[in-house]
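Bear in mind the structure is a predicted one, so any value in this text is a computation, not a measurement.
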Amino acid sequence: MNAAWISLEQRAKMTLRAALASVGVAAILLALKALASWQTGSVAMLGSLADTALDLVASLVTVMGVRWAAVPADREHRFGHGKAEALAALFQVTLIGFAALGLAWESVHRLSGEHETQSPEAGIAVSVVAIVLSLALVIYQKRVIARTGSLAIGADNLHYQSDFFLNGAVIVALVLDQYLGVGGADTLFGLGIAGWLAWNAWSSASDALDHLMDKEWSVKDRQHFLEVASRHPQLHGIHDMRTRSSGTHRFVQFHATFDPNMSIKDAHVVMDEIEAELMKEFPGVEILIHPDPVGHVEPGNDPLRGMEARKLL
């Protein structure tokens with residue numbers, strides 16, 4: 001995810017506001033869908049209700065996650081608390097997975113028995129309201145994600161993207177079942193919704209695990225970083241560059257090669273200048289530079305040695 005580079009304080013404020021917005025939307029939809037589910041008895045509406053209930057819990061966890069992730073580094077967490085976002089995302093994935101299993105079980109159970117939905121108008125009306133609210137929230141969250149790259153908000157956004165299909169499926173299921181007389185349509189759509197929830201859970205889990213396993217930055221960000229760093233005329237090369245993310249915090253370390261006759265003091269000045277230029281393009285990133293003399297080769301053959309690393313990323 002390629003986010004714009006903004007300050008950590010701005011990221012914290014934006015992600016918290018987005019998380020609180022999702023809590024508000026989920027609370028409204030939960031009340032409406034509970035009423036519609038009771039009136040219609042629809043398994044598709046029941047699945048939509050279950051999804052919204054989990055959205056509310058997940059959004060509350062997201063609020064806690066982004067607030068925890070924004071806590072500054074301390075003596076026992078020198079790299080900050082950013083991975084709290086990935087933990088919040090994994091919690092959401094677990095909830096979604098259980099919801100998918102429960103909905104699939106209920107759908108199969110109803111396939112084997114007689115069940116009739118009632119008052120489809122209530123379910124359709126609530127689903128239309130849910131689509132409108134979800135659309136507004138998704139658009140807002142997309143803007144926040146583009147600016148912050150927040151993993152927790154990204155996982156939360158997946159829920160509400162799926163709500164378009166989920167609520168649309170509820171409307172179609174009720175129309176087919178009640179107005180067109182297609183028997184079992186409601187139950188079959190319930191199974192489809194369960195499969196959709198399971199797919200979203202898998203996608204969110206992959207992103208969260210990549211984050212926890214310190215996956216490298218995107219190719220685009222790494223290439224841009226190398227291009228900015230290599231502009232300094234006294235820098236002869238960069239190798240052994242490593243990047244990782246922890247919530248909205250990003251870290252990079254690399255070895256920089258200089259003229260072997262340059263003094264430590266002069267090399268330090270150059271590294272400060274390189275870091276200052278990088279901070280203009282990547283504000284808030286923690287940078288660690290290790291100086292090496294030209295021609296120095298360390299044990300191990302890192303595939304990203306030398307300035308040709310830009311071509312290998």
Side-chain angles (χ1 to χ4, degrees), residues 1-14 69-83 85 146-151 210-313:
M1 187 178 298
N2 297 325
W5 296 91
I6 59 176
S7 71
L8 297 179
E9 183 179 357
Q10 287 178 302
R11 282 193 179 97
K13 290 180 179 179
M14 293 179 70
V71 174
D74 55 37
R75 291 176 63 87
E76 296 188 4
H77 303 89
R78 299 298 298 274
F79 291 100
H81 302 78
K83 290 189 177 181
E85 286 200 18
R147 296 290 306 281
T148 67
S150 171
L151 188 67
D210 282 344
H211 211 71
L212 291 172
M213 295 298 290
D214 290 334
K215 185 177 180 179
E216 291 278 354
W217 293 357
S218 69
V219 171
K220 181 179 179 181
D221 282 346
R222 281 182 284 163
Q223 287 177 330
H224 184 46
F225 187 94
L226 284 168
E227 288 168 1
V228 175
S230 64
R231 293 171 187 168
H232 199 287
Q234 291 180 282
L235 177 65
H236 289 263
I238 290 176
H239 59 274
D240 296 346
M241 188 177 87
R242 301 177 185 181
T243 62
R244 68 185 184 89
S245 301
S246 180
T248 55
H249 302 268
R250 295 193 179 191
F251 304 87
V252 60
Q253 63 185 60
F254 61 89
H255 289 218
T257 54
F258 300 101
D259 185 332
N261 296 316
M262 181 180 289
S263 68
I264 294 177
K265 180 180 178 180
D266 290 340
H268 183 77
V269 170
V270 172
M271 287 189 291
D272 283 345
E273 292 172 352
I274 294 172
E275 185 171 341
E277 285 300 311
L278 287 168
M279 291 300 289
K280 293 178 183 178
E281 300 284 338
F282 303 89
V285 174
E286 291 196 23
I287 302 171
L288 178 63
I289 307 175
H290 176 80
D292 279 337
V294 173
H296 176 73
V297 178
E298 298 184 7
N301 185 22
D302 192 305
L304 296 183
R305 294 193 65 85
M307 292 307 297
E308 67 272 19
R310 283 175 292 174
K311 300 178 182 179
L312 300 174
L313 286 175

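By the 4.5 Å heavy-atom criterion applied to side chains, F251 and L288 are not counted as neighbours.
Between atom CZ of residue R244 and atom CD of residue Q253 there is a gap of 8.5 Å, rounded to the nearest 0.5 Å. Distance check: H255 NE2 to D292 CG gives 6.0 Å after rounding to the nearest 0.5 Å. Rounded to the nearest 0.5 Å, atoms CG (L278) and CD (E273) are 12.0 Å apart. Atom CD of E286 is separated from atom CE of M279 by 8.5 Å, given to the nearest 0.5 angstrom. Considering CZ of F254 and CD1 of I289, their distance stands at 3.5 Å, rounded to 0.5 Å. If you take CE on M241 and CZ on R222, they are separated by 6.5 Å, rounding to the nearest 0.5 Å.
Taking all atoms of both residues into account, the shortest heavy-atom contact from A229 to I238 is CB-CD1, 3.5 Å.
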- Could you walk me through whether V252 and W217 pass the side-chain contact (heavy atoms from CB on, under 4.5 Å) test, one step at a time? CA-CA 9 Å; V252 60; W217 293 357; 4.1 Å; yes
- Message: Please determine whether side-chain contact (heavy atoms from CB on, under 4.5 Å) holds for the pair D259 and Q234, giving the CA-CA distance in whole Å, both sets of side-chain angles, and the decisive distance to 0.1 Å.
- Response: CA-CA 8 Å; D259 185 332; Q234 291 180 282; over 6 Å; no
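Judged by distance alone, the side chains of D240 and H290 never bring a donor and an acceptor atom under 3.5 Å apart.
For the pair R250 (side chain) and V285 (backbone), a donor-acceptor distance under 3.5 Å is absent.
Residues satisfying the salt bridge (Lys or Arg N to Asp or Glu O under 4.0 Å) criterion with E277, sequence neighbours excluded, are K280.
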